[in-house]
There are 2 protein chains.
Amino acid sequence: MKPVTLKEIAEQLNISVTTVSKALKDYPDVSKKTKGLVKELAKTLNYKPNTFAVNLRTKESKTVGLIIPVIVHHFFSNVIKGIISQAEKKGYLVIILQSNESYELEKKQIDLLLSQRVDGIIISLANGTADFSHLNQIIDQEKPLVMFDKIAKIVQCSKVIIDDRKAAYIATQHLIDIGCKRVAHFRGALLPQNSIDRFLGYKKALLDNNLPYDPSLVYICECGDMSFEEGKKNAKQLLKDHDDVDGIFINTDLVAIGAMTEFNNQGVKVPEDISIVGFSNWFMSSVISPTLTTIDQPGFKMGKTAFKQLYKEIQAIKNNKPKRPKTITLETKLIERESTEK
Amino acid sequence: MKPVTLKEIAEQLNISVTTVSKALKDYPDVSKKTKGLVKELAKTLNYKPNTFAVNLRTKESKTVGLIIPVIVHHFFSNVIKGIISQAEKKGYLVIILQSNESYELEKKQIDLLLSQRVDGIIISLANGTADFSHLNQIIDQEKPLVMFDKIAKIVQCSKVIIDDRKAAYIATQHLIDIGCKRVAHFRGALLPQNSIDRFLGYKKALLDNNLPYDPSLVYICECGDMSFEEGKKNAKQLLKDHDDVDGIFINTDLVAIGAMTEFNNQGVKVPEDISIVGFSNWFMSSVISPTLTTIDQPGFKMGKTAFKQLYKEIQAIKNNKPKRPKTITLETKLIERESTEK
DNA sequence: CTGAAAGCGCTTACAG
DNA sequence: CTGAAAGCGCTTACAG
């Protein structure tokens, strides 16, 4: 069963392709009668416009690309959901790619999306990304680009973020408020902006409370992938290095859960011996034992907002208006749970 | 900066578009010298073929569609990852849609994908799907279709599944082996084939062990969405209805975790009072307390396999060969953990 | 109100 | 080895 074309409809009705096309799109200069006939036949033949041809003519694909470091991740999968749900409302489809935290892959994927002629791109950067020419390439082509979560400040495009520094400050302040005197930090990879900002928030909270900042209390994730295993490893190392740490602010819930598992294995009690605050509010943080205090990061909303902004820019470009990059900061909040109960 | 076309390259080199096109695709009837010139210029101009035009000519989009009930779900997000990683290897892009367990949405989304002219579709059905004409529509158009996990046996297409009945049998048998005499079952929604099969496996295990099958021990999920809340609700109801249940086989880990949370709140001890086996082996099942015994379901592999099969069929159709639907069954295994430790 | 014609950017059968 | 021409299926400015 071959797909039906405008030509076939035109032949069956003995009218021109032009008129059929116009009738289906409700052009005002087609008679009601003709419109009726065309629409009816189109329906019975189950006509669907050939997107390839439409795209070629209109130079739009009604498709956007999304590049994400990891999919199997509570925060990111929520973002995906937010983007897809919003895109659907506007009649857009979403092509999803996973960069696996690799700069090389990310670069290739952007090339792919550009040659696919998507109407815009949404991205959260890989931990390994330090060069941004592949992103500027998107901007040079006047394609809308929206970054979220892991962004590059220097790139001139719209961004949807949270105030990582402030959130980290609040998380650390909470540990201090409940009495912690030696607060460590598992900061994740070195490069990503949000990792830097969270670290700065942690440091500022210490200094504002007249607690010394001790670099040996900051644990970096070399592997590039913030994972459960990383949390275990860091926790093990911390127990070797220090015996006086009474609180830790950890970059991601998953890592925090890894750390808590290690502490539990070694008989270190949370929160009695060490209090812990995570980041992101993964679902599982509310069901493990002890439940994990964390910063709620609105993934679904972030996805929705990112698409909305992208859509605005797509429209702006269509109407030959400037697209005006915008940075949108979403609210976060501290969720207090058992891991910091004193 | 407008995208470069074949025409521009041709003009700059004073040769025809035909030759440029052939040179770039390494046709044997173009001189080495010309090929060299064309390729060099294409590179410096950063030429990328216009996919719309290529698609229109070749009638291929190198894109496949994926419809999934929920994205924020450990099993499904692993499947997505598997599909995307395999697709990338073959140069295919993946458009992802979420049906939200709604038949209506699923139908619309298939229409969307078909009018987008994707080369094939991979789907896991919504719990609400009982009619399959929208799926047969895909098959009528001779588009490859692969179903996985939640399938419809009656639809003539390839399927990637596990042996749900067998897995459920093993799960239930495990509960009986450790001494359970009154085993309940949270079966999830009524319609999906895997829900039916798991129920049948549960029932058969009881009967094979000379335990009576009691329908009042089987809890159905009316809301259509197998969730944490559903687990809590069912657990609460079960405690009201029965005081002699000593084991439960639960359709999905997330629901099992909901149930364990409710039991914990009410002072019912797992596994001392009630032993629990889940299904799917979500990551969090290995870190909660008690850790959850479950059936490991290979999501990533399922995704990979589904795409591989789809790809084979796409190739077959391209070469005018029959596509021969195939059902592939992947292995599962029981993961014993604390929730069934006696 | 209707339609012939050009064109989007490519591919490929065919002629030379 | 090179290129003119047709055509994929649509949209739209223009003529009548």
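Convention: sequence-line order gives letters A, B, ...; per-chain numbering from 1.
- Within the structure, the ring pair (Phe, Tyr, Trp, His ring centres under 6.0 Å) test picks out no pair touching residues 23-47 of chain B (sequence neighbours left out).
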Exercise. Assess whether salt bridge (charged side-chain N to carboxylate O under 4.0 Å, His left out) is satisfied between A:Glu101 and A:Lys150, documenting all intermediate values.
Key: CA-CA 11 Å; A:Glu101 302 286 9; A:Lys150 296 202 287 181; 3.0 Å; yes
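- Against DNA chain D, the stretch residues 24-40 of chain A makes heavy-atom approaches under 4.0 Å through A:Lys25, A:Tyr27.
- In terms of the side chain to side chain contact (heavy atoms under 4.5 Å, CB included) criterion, residue partners of B:Lys89 (sequence neighbours excluded) are, by chain and number, B:Gln86, B:Lys304.
- The salt bridge (Lys or Arg N to Asp or Glu O under 4.0 Å) contacts involving residues 17-28 of chain B comprise B:Lys22-B:Asp29, B:Asp26-B:Lys35, B:Asp26-B:Lys39, where partners must be two or more places apart or lie in separate chains.
- Among residues two or more places apart in sequence or in another chain, the side-chain hydrogen bond (donor to acceptor under 3.5 Å, both in side chains) test is passed with B:Ser133 by B:Asp131.
- Bounding nucleotides for the chain B contact on DNA chain D, 5' to 3', at a heavy-atom distance below 4.0 Å, are D:dC1 to D:dG9.
- Scored by the salt bridge (charged side-chain N to carboxylate O under 4.0 Å, His left out) test, B:Lys301 finds no partners at all (sequence neighbours excluded).
- Residue whose closest nucleotide on DNA chain D sits further toward the 5' end, between A:Val54 and B:Arg57: B:Arg57.
- The nearest pair of heavy atoms linking A:Ser99 to A:Ile67 is CB-CG2, 4.0 Å.
- Among residues at least two apart or in separate chains, there is no salt bridge (Lys or Arg N to Asp or Glu O under 4.0 Å) pair with a member in residues 3-12 of chain B.
- Contacts between residues 11-21 of chain B and DNA chain D, defined by a heavy-atom separation below 4.0 Å, involve B:Ile15, B:Ser16, B:Thr18, B:Thr19, listed by number.
- Listed by first and then second residue, the salt bridge (Lys or Arg N to Asp or Glu O under 4.0 Å) pairs involving residues 52-67 of chain A are A:Glu60-A:Lys318 (not counting sequence neighbours).
- Between B:His73 and B:Phe75, the two ring planes are perpendicular [angle over 60°; tilted spans 30° to 60°].
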Quiz prompt | Secondary structure string for DNA chain D (Watson-Crick or G-U under 3.5 angstrom, | for other-strand pairs) | solution = |||.||||||||.|||
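- Every residue meeting the salt bridge (charged side-chain N to carboxylate O under 4.0 Å, His left out) condition with A:Lys48, not counting sequence neighbours, appears here in chain and number order: B:Asp111.
- The distance from the OH atom of B:Tyr311 to the CG atom of B:Asp119 is 10.5 Å, given to the nearest 0.5 Å.
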